[in-house]
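Proteins get letters first, then strands, A, B, ... in listed order; numbering begins at 1 in each. Both backbone and side-chain heavy atoms feed into the values below; hydrogens, waters and symmetry mates do not.
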Amino acid sequence: MDRHSPKDTLLTAAECASRIGISVKALRVYEAQGLLAPLRTEKNWRLYGAEDIARLNEIMFLKQLGLSLSEIAKLLSGQTTDVSRLLEMQETLQNNRLEQAERSLRLICSLRAKCGSGDRLSMDDLLDLAKEVQMSETADEFAWKRYVQARPRTKKEPDSGELEDCAGEYRFDDGSVLRITTARDRLRVQLLGQPACDLFCEEADHYFLKVTPAQIVFSRNKAGDIDGLVLHQGGYETKALRCETGAYDKAERELDERIKAKTPFPGSEQLLRKVIEDHRKGQPDYDSMSPVLRSLAQEQIPTVMRELERLGAVGSIEFRGIGVDGFDIYIVDFENGRLEWGLAQAKDGTLTGLYLRPTP
DNA sequence: CTTCTGACA
DNA sequence: TGTCAGTA
């Protein structure tokens with residue numbers, strides 16, 4: 001079957017290379033690595049069509065994230081390029097870089113001002129600076145992990161007995177519990193306060209969700225028994241260890257009691273005030289957040305700052321109750337309006353969830 | 001004059 | 001990846 005419609009322009013290797021700004025050699029190397037498969041003329045000349053250029057975009061995107069050609073080959077094998085998925089990743093990557101650059105620039109400017117006025121930089125200043133540099137280095141890693149996580153997957157029949165092996169309860173470092181159950185021919189995953197989701201097998205011990213780009217990879221001990229799992233979601237990899245059965249039910253009962261008794265997390269109102277003021281200043285305490293929330297908060301900060309500026313000072317805060325997902329819900333009155341805020345904390349006090357929305 | 005492959009840096 | 005040789 002012809003992959004190209006008649007009106008598609010086909011480019012020779014030289015044209016293709018010069019229009020993109022790479023070398024013909026590079027094109028040949030990509031092809032040798034199995035990344036590209038352009039058409040050929042009778043004389044065996046390469047012809048690049050739109051699909052090949054799309055693939056080339058994908059290759060160059062992954063390359064700029066620091067992946068080697070062989071890693072890219074593994075990632076792309078058997079997949080055809082999904083341009084809209086690629087564009088979405090490009091957009092979030094560049095937005096992240098933009099925000100990262102602005103953060104770095106703000107810090108650098110303030111430190112330069114300090115230097116210029118003759119002050120010596122403090123230990124904290126230098127540590128902050130180093131951390132900032134480190135963050136901009138690792139930021140790209142999230143981008144390709146997210147890309148890998150968003151990759152389309154095809155399901156396969158799991159080996160017999162594997163589903164039963166995986167079923168059980170698992171606890172994350174922050175204390176939250178995840179339950180894996182078998183249902184007919186598949187696994188289901190349940191996180192407290194959230195609806196159960198079907199899991200689909202991709203390969204042995206590797207499962208994926210269809211409702212959201214996320215995967216669960218089970219790990220086995222030397223005896224071959226499942227002893228934990230890693231949740232891949234939102235660019236993050238979070239590990240959980242198998243725990244005693246009943247932990248999930250216990251956590252569920254505790255949550256039910258909290259909901260009935262309307263008991264907020266200890267000190268959560270005070271925490272909310274601090275969170276709001278930190279956001280107003282544009283300096284949320286990222287260290288007290290879970291990694292997933294941290295990246296969300298970093299993406300949202302410009303929007304939230306604008307909103308808080310519009311709303312003005314905080315007036316009264318009223319506790320509304322506990323949501324089914326365990327969030328403490330507050331109605332916050334500001335000078336110029338009111339908002340519903342929700343926040344969730346892990347047992348160790350880490351902020352794991354945060355949202356704000358107009359009051360219904 | 002150009003591309004292609006394969007070798008070597 | 002760049003470059004070079006020997007072809008088609």
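- Atom P of nucleotide dT2(B) and atom CG of Asn44(A) are separated by 19 Å, given to the nearest angstrom.
- The shortest distance between the side-chain N/O atoms of Arg46(A) and the OP1/OP2 oxygens of dT3(B) is not below 4.0 Å.
- As rounded to whole Å, 9 Å separates atom P of dT3(B) from atom CZ of Arg28(A).
- The pair Arg258(A)-Asp328(A) meets the salt-bridge criterion, since a charged nitrogen lies less than 4.0 angstrom from a carboxylate oxygen.
- If you take CG of Leu11(A) and C1' of dT3(B), they are 15 Å apart, rounded to a whole angstrom.
- The pair Glu257(A)-Arg253(A) does not meet the salt-bridge criterion, since no charged nitrogen lies less than 4.0 angstrom from a carboxylate oxygen.
- When both pairing distances are held under 3.5 Å, dA8(C) makes a Watson-Crick or G-U pair with dT2(B).
- Within the structure, a side-chain polar atom (N or O) of Ser23(A) is placed less than 4.0 Å from OP1 or OP2 of dG2(C).
- Distance Leu35(A) CG to dT1(C) C1': 14 Å, rounded to the nearest Å.
- If you find the closest nucleotide of DNA chain B to Lys25(A) and to Lys43(A), the one lying nearer the 5' end belongs to Lys43(A).
- Rounded to whole Å, atom P of dT1(C) lies 10 Å from atom CD of Gln33(A).
- Below 30°, between 30° and 60°, or above 60°: for Tyr330(A) and Phe319(A) the angle between ring planes is between 30° and 60°, a tilted geometry.
- Tyr48(A) places its OH atom 7 Å from the P atom of dC4(B), with the value rounded to the nearest Å.
- Following rounding to the nearest Å, Ile72(A) (CD1) and dT1(C) (P) show an atom-to-atom distance of 9 Å.
- Here dT1(C) is the nucleotide among dT1(C), dC4(B), dG2(C) with the atom lying nearest to any side-chain atom of Lys63(A).
- Salt-bridge check for Arg55(A) with Glu51(A): failed, with every basic side-chain N at 4.0 Å or more from each acidic carboxylate O.
- For the pair Glu31(A) CD and dT5(B) C1', the computed distance is 11 Å after rounding to whole Å.
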